[in-house]
> 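After the structure tokens below, expect a handful of questions from me.
For clarity, every value in this text was computed on a predicted model and none was experimentally measured.
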Amino acid sequence: QVQLVESGGGLVQAGDSLRLSCAVSEHTFSKYYMGWYRQAPGKEREFVAAISWGGGTTFYADSVKGRFTISKDNAKDTIYLQMNSLQPEDTAVYYCAADIYCSGYGCHVIAPNWGQGTQVTVSS
């Protein structure tokens, strides 16, 4: 089971940007996607974005399309989430996830394996 370590969260104001990073301990080829989920206080964990192993295919939640960009650097075994135009409703703990299955109907985690998460707080 791969180890996932998130970083890059913080406290920002509405309209600001942040870039999250996820270091992956063993990043070998997989047919599944990797990506990001988030969980706000009192809410269920929700899908944010996913990227294929080669980086050529991405999926986004409707709530972040056009504002967030997922990318990866296989040489560094790292996945990134560039978050622009942050809004208070983006406040949550952000988790990196492996083994995500994606199709035209959406994405879901095949085998839950979460990092410790990184807190993102957006003030208005």
> So which atom in Thr69 and which in Tyr60 form the shortest heavy-atom distance, rounded to 0.1 Å?
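In this case the closest contact between Thr69 and Tyr60 is CA-OH, 3.3 Å.
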> Is the distance between the ring centroids of Tyr37 and Phe47 less than 6.0 Å?
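They qualify: ring centres under 6.0 Å apart.
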> Within the side chain of Asn113, is there an N or O that forms a donor-acceptor pair under 3.5 Å with the backbone of Val2?
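Answer holds: yes.
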> Could you state the interatomic distance from CD (Gln82) to OG (Ser17), rounded to the nearest 0.5 Å?
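The OG atom of Ser17 is 5.5 Å from CD of Gln82, to the nearest 0.5 Å.
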> Taking Glu6 for its side chain and Cys96 for its backbone only, find out whether a donor-acceptor pair lies under 3.5 Å.
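Checked: pair present.
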> Taking all heavy atoms of Ala98 and all of Leu4, pick out the closest pair and write down the distance.
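The answer is N-CD1, 3.9 Å.
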> Between Arg45 (side chain only) and Arg38 (backbone N and O only), is there a donor and an acceptor less than 3.5 Å apart?
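No: the side chain of Arg45 does not pair with the backbone of Arg38.
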> Please round to the nearest 0.5 Å and tell me the distance separating atom OG of Ser7 and atom CG of Leu20.
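The distance works out to 8.0 Å.
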> May I ask you to decide if Arg67's main-chain N or O and Ser85's side chain share a donor-acceptor pair within less than 3.5 Å?
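Side chain of Ser85 to backbone of Arg67: no pair is present.
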> Can you see which heavy atom on Val93 is nearest to which on Gly117, and at what distance?
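Minimum heavy-atom contact is CG1-CA, 3.8 Å.
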> Do Thr121 and Gln119 have a side chain donor and acceptor closer than 3.5 Å?
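Their side chains do contain a donor-acceptor pair, which is all the 3.5 Å distance test asks for.
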> Please step through side chain to side chain contact (heavy atoms under 4.5 Å, CB included) for the pair Phe59 and Ile70, ending with a clear verdict.
CA-CA 9 Å; Phe59 288 83; Ile70 189 170; over 6 Å; no
> Fit a plane to each ring of Tyr101 and His108, take the angle between them on a 0 to 90° scale, and name the class: parallel (under 30°), tilted (30 to 60°) or perpendicular (over 60°).
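Rings of Tyr101 and His108: tilted, as their planes differ by 30° to 60°.
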> Find the distance between CG (Asp99) and OH (Tyr33) and round it off to the nearest 0.5 Å.
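Asp99 atom CG to Tyr33 atom OH measures 13.5 Å (nearest 0.5 Å).
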> Taking atom types as modelled, is there a side-chain donor on Thr78 or Asp73 under 3.5 Å from an acceptor on the other?
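No donor-acceptor contact under 3.5 Å links the two side chains.
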> Test side-chain hydrogen bond (donor to acceptor under 3.5 Å, both in side chains) on Thr91 and Glu89 and set out the steps.
CA-CA 5 Å; Thr91 295; Glu89 51 266 34; over 6 Å; no
> Using 0.5 Å steps for rounding, measure from the OG atom of Ser123 to the CG atom of Asp16.
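Nearest 0.5 Å value for the OG-CG distance: 8.0 Å.
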> In Å and rounded to the nearest 0.5 Å, what is the CG to SG distance from Leu81 to Cys22?
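So the gap between those two atoms works out to 10.5 Å.
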> Report yes if some heavy atom in the side chain of Tyr94 is under 4.5 Å from a heavy atom in the side chain of Thr118; otherwise report no.
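Yes. Closest side-chain heavy atoms under 4.5 Å.
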> Between atom CE of Met34 and atom OG of Ser52, what is the distance when rounded to the nearest 0.5 Å?
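Nearest 0.5 Å value for the CE-OG distance: 12.0 Å.
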> Would you find a donor on one side and an acceptor on the other, under 3.5 Å apart, between the side chain of Ser25 and the backbone of Gln3?
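A pair under 3.5 Å: yes.
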> Side chain to side chain contact (heavy atoms under 4.5 Å, CB included), that's the test. Do Leu86 and Leu18 meet it? Break it down for me.
CA-CA 8 Å; Leu86 283 162; Leu18 276 176; 4.1 Å; yes
> Please lay out, stage by stage, how Asp77 and Lys72 fare under the test salt bridge (charged side-chain N to carboxylate O under 4.0 Å, His left out).
CA-CA 8 Å; Asp77 293 335; Lys72 63 182 330 197; over 6 Å; no
> Given Asn84 and Phe68, is the side chain to side chain contact (heavy atoms under 4.5 Å, CB included) satisfied, shown in steps?
CA-CA 6 Å; Asn84 298 330; Phe68 291 10; 6.0 Å; no
